[in-house]
Amino acid sequence: MSAIELDGVTKRFGDVTALENCDLDVHEGEIYGFLGPNGAGKSTTINILLDFIRPTAGSARVLGHDAQAESQQIRERVGVLPEGFDVYNRLTGRQHLEFAINSKGSDDDPDALAERVGIADAIDRKAGGYSKGMAQRLVLAMALVGQPDLLILDEPSTGLDPNGAREMREIIRAERDRGATVFFSSHILGQVDAICDRVGILRGGELVAEDTVEGLRDATSAEATLVVEVDRLPDGVLEEVRALPSVSDVSAEGTTIRASCDDSAKTKVLGTIEDSGATVEDFSTEDASLEELFASYTNDSPVRSTGKSGGTDGQASEHEEVRT
Ligand SMILES: Nc1ncnc2c1ncn2[C@@H]1O[C@H](COP(=O)(O)OP(=O)(O)OP(=O)(O)O)[C@@H](O)[C@H]1O
């Protein structure tokens, strides 16, 4: 059974189309990174899953339940870290956790939860005095109450320092290892590389790619750069390499030749260089970084497909935010 299933979901807010005919299938037990620049539709998707808003068209199922008709059953089995959740300033961390424990009818120990998210020392302080990162940790602890089957985390690293972000990743992994499904949204690519089993990339309300991180990387093999160290640069060698099929962007600096090519062309590039009279002293391959890949899916450049395709409206203005 899928943990999350969207079938042709469209959501319009007046003239704004936040989601356009979106299909999504998150498998049980996986960590799924839901990526996209600001305004791509990530929170809208999450709000539909939790029945905070209703889709204009299409249907959503969570843990086998219809998101609209059976939202109560869903909430009992889901832990949520909503985007921009405000803590109650006058209540302590412990009171927040006790509230979540009572609501879920679980027997979690508030101290153990606070310890797990790194706010044990502050558990009896009023949450109004917490830093942004501490408040975020508290809300995460509330989401963990009752060992939910599915964790839905909207931008979970917001406000966390690098240590906090790393601890967040460890908790996400531990939850997956316990058997939970984790669905989290982010516009920060670095989180994805490290922990996701699969990634979906949303752009302008459309899912433009969905694959494993490895699969997405493979899709960029055409962009890999072969870097070749030679003893000398014979006349015309660059032109000869450039003329090979599946090779582009050939350049040289000193005795280093760089050629963008796909896997199948690498041997030919090396052979052509040797045939020109140079000796190949060393070579290496630089894969296109996942960062570049993400940018290619989320800015104006042509979308590369890994099974999913689409993505029409460019969002170049959001490009910089994506790369922060
Ligand atoms: N209640 C609303 N009324 C009108 N427009 C909305 C509403 N909620 C979202 N939108 C619009 O829908 C689009 C998608 O927004 P959404 O919040 O889902 O994006 P997001 O991917 O979560 O972005 P971010 O990373 O900034 O949180 C945006 O253009 C946004 O302005």
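FYI, the numbering just counts along the sequence from 1. Atoms within each ligand, like the ligands themselves, are counted from 1 in listed order. Side-chain atoms are counted along with the backbone in the values below, which use heavy atoms only and exclude waters and symmetry mates. In this text, all values refer to a predicted model and were calculated from it rather than measured experimentally.
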Lys/Arg N to Asp/Glu carboxylate O, Arg178 vs Glu175, below 4.0 Å: yes
Distance-only donor-acceptor check, side chains Asn21 and Thr10, under 3.5 Å: no
Pairs involving residues 54-79, ordered by first then second residue, that meet salt bridge (charged side-chain N to carboxylate O under 4.0 Å, His left out) (sequence neighbours left out): Asp51-Arg54, Arg77-Asp149
Qualifying residues under salt bridge (Lys or Arg N to Asp or Glu O under 4.0 Å), relative to Asp108, sequence neighbours excluded: none
Test side-chain hydrogen bond (donor to acceptor under 3.5 Å, both in side chains) applied to Asp7 - qualifying residues, sequence neighbours left out: none
Residue shell around ligand 1, heavy atom under 4.0 angstrom: Phe13, Val16, Ala18, Pro37, Asn38, Gly39, Ala40, Gly41, Lys42, Ser43, Thr44, Glu83, Glu155
Shortest non-hydrogen contact between Asp154 and Ser185, atoms and distance: OD1-OG, 2.6 Å
